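Below, chain A is the first sequence line, B the second, and so on; all start at residue 1. Keep in mind that this is a model prediction, so the values were computed, not measured.
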Protein chains: 2
Amino acid sequence: MFKPITIKDIAQALELSPSTVSRALSDSYEINEETKKRVIEYAEKHNYRRNPMASSLRQGRSYSIGVVVCEVANSFFSHAIDGIESVAYGKGYHVIISQSHDAYEREVVNIQHLANRAVDGLLISMSAETKDFSHIINLHAQGLPIVFFDRVIDAFETHTVTANNQKGAMVATESLIDRGFKKIAHLANAPHLSITAERLKGYEDALKQHGIPLDESLIRYCHHGGRIQREVEEAIQYFLNLPEKPDAVFVASDRLSMGCLSAYNKLAPRDEHPAVAGFSNSDVLDLLQADFTCIRQPAFKMGQVAMEMLIQLIESRYPVYDFQNIVLETELIHR
Amino acid sequence: MFKPITIKDIAQALELSPSTVSRALSDSYEINEETKKRVIEYAEKHNYRRNPMASSLRQGRSYSIGVVVCEVANSFFSHAIDGIESVAYGKGYHVIISQSHDAYEREVVNIQHLANRAVDGLLISMSAETKDFSHIINLHAQGLPIVFFDRVIDAFETHTVTANNQKGAMVATESLIDRGFKKIAHLANAPHLSITAERLKGYEDALKQHGIPLDESLIRYCHHGGRIQREVEEAIQYFLNLPEKPDAVFVASDRLSMGCLSAYNKLAPRDEHPAVAGFSNSDVLDLLQADFTCIRQPAFKMGQVAMEMLIQLIESRYPVYDFQNIVLETELIHR
DNA sequence: TCGATTGTCGGAAACGATTGCGTAATTTAT
DNA sequence: ATAAATTACGCAATCGTTTCCGACAATCGA
């Protein structure tokens, strides 16, 4: 088996002490420039790589952070991850991604996995099914830096980044109203998600502002966030069975937009499809479905901001009590 | 700051030695059952978590593996990752995902990042742009276990898992022929990818078998694997500009299928769209586009198999020279 | 009954990198 | 010229866990 070269090896070869080599490699000011050069040259020539475990153990830090999202096969989250990575790599952090699949159990397991001192901090977007937050509260209480993005909780104070969901939802709903639709349904996400309440509020605001009465029977929740296509189809079937079918639908999430469009394709002839507007960061959904108006969240930016704030928490020498709750604007795209 | 409890703390509290505690926690046979129980109870009560860095440092293993794919926002890869995770977690391994975005530079950087002894092995699906394999060859030569899946290379011998691309491509092309199409174009992936050659072969086989002459001008490659939508649109525009437009297209990948369908939607009226068949593991593509025939790869299974073989390599006490190249069958879905 | 085996445990040295402290040699200040 | 400061480096402890050697007692076989 291959045995990687260590600091000791370099020290021996160059007749220096390991301390000097270590300091030379980290560019310490108290090492002679000449010596540094020798060490660095030797290290490069022999393909030296510092052992991250030894380093982490000694320093008590891993320079890696954990990301918990419901799933990566989702344009919003994958772009957010890209944003996270862009900042992380620039600052020398590794990113470990894990998926909850919107299931409570897996969220708990993954977070525990990540948290056991293998990461310096956590970036979390809550799972749709999670109602009990104690697994996260405990970690936070133990001093693990945590930043929430998109799907936040208010069980404790920390940095958060979200989109302006209320306004986005309002704008989307208004775009449907402007196109002349009156009977606008709302396909909502899991009820206890922060984004669900905010987007519902925006939907209600738009209706109220245009004098359209709110009809509770036009609102359907998907408790698993659309993870199970059946639940989406049941909601759509419900809409289709209504004595007066809605002529438009405002959909609350990326995943649900996918589910909604394909459910309609499956369950009803094309001329019975309502107009659809909704949150989505998909690259192609709007291209495939011409009359689909979508609200884009600034996913990449959210990832960047979240990561920056997490690094700030991690690298702060003293406990932080002044938390920021950043809200980014969404963008309406219609064709 | 919170200070986690260590083995020493437990040892002190229970008046044992750290060695005994360590052995008790790993359920060693040479520890009295009574003592084990005391240790485990104390550990659980005080919420002890073994420090993974210390453990890894000592054992020379991290119990984590790295996965390199072009992108996670892709149904095939996200399902493959699910398969990988399902096996990994069962065997006590962590999974670290990283994305190459089909770019050579990022593949090199990510693999280096992962490889520096932070992972026990690598699961790789090659980036579309990569033509130089030396960064991987070096690691392999240094003894790092590597398994390829889907997009393999033959620069050296190791375990691989692929789909039966040739047969899948043949079946897909045949399905188009069976529907009466004669002028079947092929939208191909990057030329130096293993899957590209195999699928091209299947396409050619189908044509030959049905007496249709091969027309090179009906084949277009996407050198960036469709990462840049423009290159897909150029290919489609090329097809549209042909004096005799193809009446069907066989598309070589998931990403390209997306790109192809949306490019046609953008560039041509619906009645000029050709029939499309192609590789795709998307959950919704075929629902949105009714006449889209797709070849599904057993993504989840591929992930599982790849991970099992990697674990076998990692845990083998002696160097392995007997490598397996597993080929899984694809599935045709038409509606 | 005496050596041999078995069952339990502790001591101490690793794993590789980092860092507080000490110190010799050189330079600077007075 | 001598004290003081600076430069450049080494020593050794440390992070938390694991594991190779023992070691001591109790039990066993003959």
- Task: Using a heavy-atom cut-off of under 4.0 Å over every strand shown, decide if B/R50 touches base, sugar-phosphate, or nothing.
- Result: sugar-phosphate
Looking at B/T20, does any N or O in its side chain come under 4.0 Å of the phosphate oxygens OP1/OP2 on C/dG10? yes
Query raised in the report: With the threshold set at 4.0 Å, does a side-chain nitrogen-carboxylate oxygen contact exist between A/E315 and A/K91?
Result: no
Exactly one of A/F148, A/F133, A/Y321 clears ring pair (Phe, Tyr, Trp, His ring centres under 6.0 Å) with A/F156, and that residue is A/F148
*asked:* Can you say whether a donor on the side chain of B/Q59 sits under 3.5 Å from an acceptor on the base of C/dC15, or the other way round?
replied: no
Quick note, B/S17 side chain, CB onward, closest among C/dG10, C/dC15, C/dA17 is C/dG10
From the candidates D/dT17, D/dG10, D/dC15, the one with an atom nearest any side-chain atom of A/L57 is D/dC15
Answer yes or no: side-chain N or O of A/R58 and base N or O of C/dG20 forming a donor-acceptor pair under 3.5 Å.
-> no
Winner on side-chain proximity to B/K8, out of D/dC15, D/dA8, C/dT18, is D/dC15
Which of C/dG16, D/dC9, D/dT17 is nearest the side chain of A/E30? It is D/dC9
Side-chain contact check for A/Y48: nearest option of C/dA17, C/dC21, C/dG10 is C/dA17
Sugar-phosphate only, base, or nothing, as touched by A/E34 at under 4.0 Å among non-hydrogen atoms: nothing
| said: Suppose we call a contact any N or O donor and acceptor under 3.5 Å apart; does that hold for the side chain of A/R49 and the base of C/dG16? | reply: no
If you look at every strand shown and take non-hydrogen atoms under 4.0 Å, does B/L16 touch a base, only sugar-phosphate, or nothing? sugar-phosphate
Subject >> Salt-bridge contact B/D102-B/R151 (side-chain N to carboxylate O under 4.0 Å) >> reply: yes
Looking only at C/dA17, C/dT8, D/dC21, the nucleotide nearest the B/N32 side chain is C/dT8
Atom CD of A/Q12 and atom C1' of D/dG10 are separated, to the nearest Å, by 15 Å
Looking only at D/dG16, D/dA8, C/dT18, the nucleotide nearest the B/N51 side chain is D/dG16
To the nearest angstrom, the CD1-P distance between B/I31 and D/dT19 comes to 13 Å
message = Check this for me, if you would: do B/K36 and B/E33 make a salt bridge, where the nitrogen-to-carboxylate-oxygen distance has to be below 4.0 angstrom?
response = yes
To the nearest angstrom, the OH-P distance between A/Y29 and D/dT7 comes to 9 Å
In whole angstroms, the gap separating P of D/dA8 from NZ of A/K36 amounts to 9 Å
**Asked** Base, sugar-phosphate alone, or nothing: which one does B/T6 contact when heavy atoms must sit under 4.0 Å apart?
**Response** sugar-phosphate
A/R61 CZ to C/dA17 C1', in whole Å, measures 15 Å
Of the listed C/dT18, D/dT17, C/dG16, the closest approach to the A/S22 side chain comes from C/dT18
To the nearest angstrom, the CD1-C1' distance between B/I7 and D/dG16 comes to 7 Å
Q: With heavy atoms under 4.0 Å as the rule, sort A/T35 into base, sugar-phosphate or nothing.
A: sugar-phosphate
From NZ of B/K3 across to P of D/dT14 the rounded distance in Å is 13 Å
Under 4.0 Å between any heavy atoms, over every strand shown, what does B/S55 touch: base, sugar-phosphate, or nothing? Just pick one. sugar-phosphate
Only one of A/V320, A/L313, A/L122 passes side-chain contact (heavy atoms from CB on, under 4.5 Å) with A/P145, and that residue is A/L313
Per side-chain contact (heavy atoms from CB on, under 4.5 Å), B/E129 is matched among B/E107, B/E105, B/R227 by B/R227
Separation of C/dT18 atom C1' from A/I10 atom CD1, nearest Å, is 14 Å
